[in-house]
Structures are given as structure tokens and as C-alpha cells.
Amino acid sequence: MNRLAIPIASLLTLFVGCQRPVPGPSSMIAASAARPAPPAADVEVCAAQAQQELDAMDTRAPVPLIPRMAHHQKQNMRDHLVAVQEIVTAMGTDDFAAIERAAGRIGFSEQMGQMCTHMGSGAPGFTEQAIAFHHTADQIVEAARRRDRAQVLTTLSNTLQACTSCHAAWKQQVVDQSTWQR
């Protein structure tokens, strides 16, 4: 028997039955074929229970954001990661101009500062940490301009440390418009 069959069966039971006991693999196959899909309300209750369980385990501080803002922030985080990848790639060929361009995308600007302030308005301390991250990227730009390979690596390490400490401290909390305005 496939060693993944039992864990997969357990996961299916969690989603289908939420709190029901986990049947054995062979009875799971027969039961899933005979059982109709659960009502949407049951699925929503299970999803809400799972989200509450996750929230209880995740002790990071919440950053309340409406869905549009949360999506925008995630897009920015993904682009920050792409910029870091571009910096590392450019380091392999000593392409300091590419390093400078990539680091410049995540460096501080007035627009970036305004965005961090707006996104962090409901989470005291978030804005300051986010802005400090962007300033660490400015140091990568400066090292690239000097063509100082060792300093690019040191400042990239500082920037990545700022990333990981921010992600260790904060989590998105998607809220509705009225909650966010409060």
C-alpha cells in the first residue's frame, strides 16, 4: 500500500467530515464513492474551524487589511523576492548595474513610505519595521555603485534578515472595510 494513502485519507476526512473519526484506507474509498458532497454550510463551518485553529497556532501580530490591500501587499512581497533573486543572479556575474536596478526596486522611496504607512495604519510598529526594511535595500544599491562585492553580500544578508524578522512578527488579517476603518 502506498505510504501516502493513510495521510491523504486523513486529509480528505478532515475536509469532508471536519471532526469525524478517520476511517481506514479501504473503507474511505468505498465511503467517498457512496457519500454525497457535504452541504456548503458544513464546508464553511469546517473552513472556519480550520482557520480558527490556524489563527490560535500563529502567534504573530495581525496587520488588518481589506482584501484588495492584502492582495496588493502579497504582490509586493513576491516582487521583493524576485528582486532578491535578481540580485543573487547578478552577483554570479558581477553585474553591478543589475544589482543596483533590482535593489532599487525594493529600496526606500516616498511612494513606498506612504504605502507602508497606509498598510500598517492598523498595526502599531509595522510601518516602522517595513520602512526600515526598505532602507536596508538602499545599502545594497550603495554597495553596488561602489562595485563592492563583499558589501553587496553583507547588505543583502541584512535585507534578508529584515525580511525574515518582519514575516516572523506579522501576519495578514483580512478584514472588511468597516473593521479596517476602525
- Test of ring centre spacing under 6.0 Å for H118 and H72: no

In chain order, what residues pass the side-chain hydrogen bond (donor to acceptor under 3.5 Å, both in side chains) check against [X], with sequence neighbours excluded?
{"X": "T89", "value": "none"}
{"X": "S178", "value": "D176"}
{"X": "E110", "value": "none"}

Across all chains, not counting sequence neighbours, the side-chain contact (heavy atoms from CB on, under 4.5 Å) partners of T117 are T127, I131

side-chain contact (heavy atoms from CB on, under 4.5 Å) filter on D55, not counting sequence neighbours, yields Q51, K171

In short, salt bridge (charged side-chain N to carboxylate O under 4.0 Å, His left out) pairs touching residues 134-147 with sequence neighbours left out are E100-R145

Residues 64-83 vs salt bridge (charged side-chain N to carboxylate O under 4.0 Å, His left out), sequence neighbours excluded, gives D79-R105

Residue set satisfying ring-ring contact (aromatic ring centres under 6.0 Å, His included) with H167, at least two apart, ordered chain then number -> none

Report whether I140 and F96 are members of the same hydrophobic cluster (ILVMFWY, side-chain heavy atoms less than 4.5 Å apart, transitive linking).
yes

* Cluster question for you: counting only ILVMFWY and a side-chain heavy-atom cut-off of under 4.5 Å, with indirect links fine, are V88 and L160 together? -> yes

message = With a 6.0 Å cut-off (strictly less than), is the heavy-atom count around CD of Q111, excluding the residue itself, greater than 12?
response = no

Taking all non-hydrogen atoms of both residues into account, name the closest pair between [X] and [Y] and its distance.
{"X": "P67", "Y": "V174", "result": "CG-CG1, 3.7 Å"}
{"X": "A137", "Y": "T159", "result": "N-OG1, 3.6 Å"}
{"X": "E86", "Y": "A102", "result": "OE1-CB, 3.7 Å"}
{"X": "A123", "Y": "P62", "result": "CB-O, 3.6 Å"}
{"X": "A70", "Y": "Q172", "result": "O-NE2, 3.0 Å"}

*asked:* Could you tell me if the side chain of S165 sits less than 4.5 Å from the side chain of Q161, heavy atoms only?
replied: yes

Beyond-backbone contact of E53 with M57, side-chain heavy atoms, under 4.5 angstrom: yes

Sequence neighbours left out, cut at 3.5 Å: what donor-acceptor pairs do the side chains of residues 148-155 make with other protein atoms?
| unit_1 | atom_1 | unit_2 | atom_2 | d |
| --- | --- | --- | --- | --- |
| D148 | OD1 | A150 | N | 3.4 |
| D148 | OD1 | Q151 | N | 3.0 |
| R149 | NE | D94 | OD1 | 2.6 |
| R149 | NH2 | M91 | O | 2.7 |
| T154 | OG1 | A150 | O | 3.1 |
| T155 | OG1 | Q151 | O | 2.8 |
| T155 | OG1 | V152 | O | 3.1 |

From [X] atom [atom1] to [Y] atom [atom2], the distance as rounded to the nearest 0.5 Å:
{"X": "S109", "Y": "Q114", "atom1": "OG", "atom2": "CD", "result": "8.5 Å"}
{"X": "Q73", "Y": "H80", "atom1": "CD", "atom2": "NE2", "result": "8.5 Å"}
{"X": "C163", "Y": "N158", "atom1": "SG", "atom2": "CG", "result": "11.0 Å"}
{"X": "D95", "Y": "I87", "atom1": "CG", "atom2": "CD1", "result": "12.0 Å"}

For the residue pair F108 and H135, categorise the inter-ring angle as parallel (less than 30°), tilted (30 to 60°) or perpendicular (more than 60°). parallel

Grouping ILVMFWY residues whenever side-chain heavy atoms fall under 4.5 Å, the cluster of V63 otherwise contains L65, I66, M69, M112, M115, M119, F126, W170, V175, W180

For R101, the salt bridge (Lys or Arg N to Asp or Glu O under 4.0 Å) test, sequence neighbours excluded, returns none

Sorted by chain and residue number, the salt bridge (Lys or Arg N to Asp or Glu O under 4.0 Å) partners of R60 (sequence neighbours excluded) come out as D58

